[in-house]
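Remarks on the structure that follows.
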Amino acid sequence: MNANIRAVRVAAEAPAAAPASMRTGEEYLRSLRDGRAVFVDGERVADVTTHPAFAAAARSAAKLFDIAADPANAERMTFTSPSSGKPVLRAYQIPRTHADLRARRLASEMWSEASFGMMGRTPDHVSSFFCGFAAVPEVFAAGGAEYGERVVSFHEKLRENHLWATYAIVPPQIDRSKPAHRQSDPELYAGVVKETDGGIIVSGAQQLATAGLYSDYLYLSCIHPLQPGDENYAIGVAIPMNAPGLKLYPRRPFALQASNVFDHPLSSRFDESDCFVVLDKVFVPWEEVFIYRNLEVCRDQWWKTPSHLYGNLQAQARYATKLRFLIGLAAKMNETTGNAALPPVMGQMGELAALISIVETMLEAQETVATVDANGVLWPSRQALYAVMALQSEINPRMIEIVRELTGAAMISLPSSQKDLDSPLTAPDIERYMASGTGSARDRIKLMRLAWDFIGSEFGNRHQQYEKFYGGASFIVKQNMFRNYDMKRAKALVDGALDIA
Ligand SMILES: Cc1cc2nc3c(=O)[nH]c(=O)nc-3n(C[C@H](O)[C@H](O)[C@H](O)COP(=O)(O)OP(=O)(O)OC[C@H]3O[C@@H](n4cnc5c(N)ncnc54)[C@H](O)[C@@H]3O)c2cc1C
C-alpha cells in the first residue's frame, strides 16, 4: 500500500476532536434550501422542500435521517466513527467481518422499509460505492498517490457529516454509435474542459441521478466503456448539489398528478425522481477530483474495488423489501376477494414466494460467501450478486404478471376517487356494492388503490423500468455473471466424462 494512503488510514483511526451528532430530518430539509438549480415545467424550483412536485418525497427522505438519529435505532443504523468516536451512519462502514456486512444490510433493510422498497437511491446506495472506493484506494492511487488520499478523505467527509451522495455515471443517449470524443460537439458528454491551479472545469451532460435533487453531493463519473481519445470523460469527481453551473432536470414528477394520499398512496409520497444532469462550466476543486483523465482508473473503480458489490447489495436489500411488500399485497388482495384458499391461487402465490425467496436467500449468500482481501476488507460474493441481478430483469415482469393475473378487475372496478366515498350522492352505492367479505368498501378500495399505484400507475411503470435498468442493461449484467461463474470447474467435469479412452 502507498505510504501516504497508509498515513491517511492511520490518521482516520486516531480519535479526532470534532464531535458529530446525528443529522435530523429537520436539519436535512433545511440543508436542501441551498439554491440548487432544479427545473420543472420550464421553471426553476425555488425550494424543493415546499414545491408540490417534491415536498412529500423530501419529507419521506427526511424520515430516513430521523430513523437513523433515533437512539432506539442506534445499534442498527449507526457505528462508531473510527476518527471521531461518535456514532455515524452504518452505511459508511467498510466491512471487515461477516458481521459488519450483515449489519450494513440490516441497516439498509430498515431504511428500505420506510418507503416499502420504493426509494432506491437512499443515502446508503452511493455511500456503499464510496466505502468500496476507500477500501481499495490503491486503485485511485494508480493515477497518482494524491487521488487515493482524496478518495479516502472524501469518504470520511461524507461519513462524519452524515451526507447523502447520488451519482450520474452513464453518458446521455445522444449518439451511441460514436465514442464520447467523436460526438458532434466534444462538450456534449460530461467531461473536463479546462484545468486550473485550483481544480478543473467540467461541462456537458450525464444521466441519470435518481434522487439527485434530494442529495448533498453528485458523484460524476462514467461506467460505460470509454476508449483511447475519451480521456476528458474519464473522470471521477464529487460536486455539491448547489455548485454554480450544476443543473438538474427531473423527469415528470408523479406527485403533481397525485391529488391525495388515499388515491395515490405511493406516488404521492415516494417519488424519488430521476434527474438528467447538465453541467455548465462547473468548477471542481482538486480535493474532490478522484480520477483525472485516466481510462484505466475510471474502469477499475467499479471492478477492482468492492464498490459495485456493496452498492448493488444495498440495491438487492431494498429490492427484497419491495418484493415482500408485493407478496403481502397479493395475499391481502386474495383474502379480500375470497380467493385465498383456491388451490390454483395458492399455486400462483407459491411461485411468487419461490421467486422472492431466491432474491432473499441470495442476499444472505452474498454475505456468507464473502471473501476477505489483503487489506482485511470483505468483498460480497460476486457470483451470488450477479446471479440475482441477471435474473431480475426476467423475474420482475413475471412477478408483476402473477399479481395482475390474480386480481382480475379488482384494481380497476373502483370509483373514480375518494370523493365518491365522501359524497352523499354516491356513497350509498359505493358502500353497498364495493365492500368485500372481509371489510368495508373504504378498506377494499384503499387496498386496491395501493395495488394499482404499485403496479399500474405511471409511478408503478417507472418502477418496472428501474428494476430492469438500475444496475445497467441486462445484457451487461449477464456478461458480468458469465465472467464470474466458475466455468473451469464445470468444464473439468465434462473433461472427466470425456476421459474414457
Ligand atoms: C429509472 C432509472 C433510474 C436510474 N438511475 C440511475 C442513477 O441513479 N444513476 C445513474 O448513473 N444511472 C441511472 N440509471 C441509468 C442506468 O444506469 C442506465 O439506464 C443503464 O446503465 C443502461 O444504459 P442506457 O439507459 O444508456 O441504455 P443503453 O445502453 O442504451 O441500452 C438500452 C438497450 O439497447 C440495447 N443495447 C445497447 N447497447 C448494446 C450493445 N452493445 N449490445 C447489445 N445491445 C445493446 C439493449 O437492448 C439495451 O437494453 C437509471 C435508469 C433508469 C431507467
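Just follow the structure's listing: the first ligand is 1, and inside any ligand the first atom is 1. Basis for what follows: all heavy atoms, side chains included, without hydrogens, waters or symmetry-related copies.
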With [X], which residues qualify under salt bridge (Lys or Arg N to Asp or Glu O under 4.0 Å), at least two apart?
X	answer
Arg462	Glu272, Asp274
Glu458	Arg252
Glu231	none

If you draw the axis of the six-membered ring of Phe65, does the NZ or CZ of Arg23 fall within 45° of it and under 6.0 Å from the ring centre?
->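 Pair Arg23/Phe65 counts as cation-pi.
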Looking only at non-hydrogen atoms, find the nearest pair between Val277 and Ala209 and report the distance.
->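 Result for this residue pair: CG2-CB, 3.8 Å.
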Please determine if Arg105 and Glu109 form a salt bridge, counting it only when a charged side-chain N lies under 4.0 Å from a carboxylate O.
->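 Counted as a salt bridge, because a side-chain N and a carboxylate O are separated by less than 4.0 Å.
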Listing by chain and number, which residues have a heavy atom under 4.0 Å from ligand 1?
->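 Lining ligand 1 at under 4.0 Å, by heavy atoms, one finds Arg121, Tyr167, Ala168, Ile169, Val170, Gln173, Arg176, Gln207, Leu208, Thr210, His224, Asp274, Arg462, Gln465, Tyr466, Phe469, Gly472, Ala473, Phe475.
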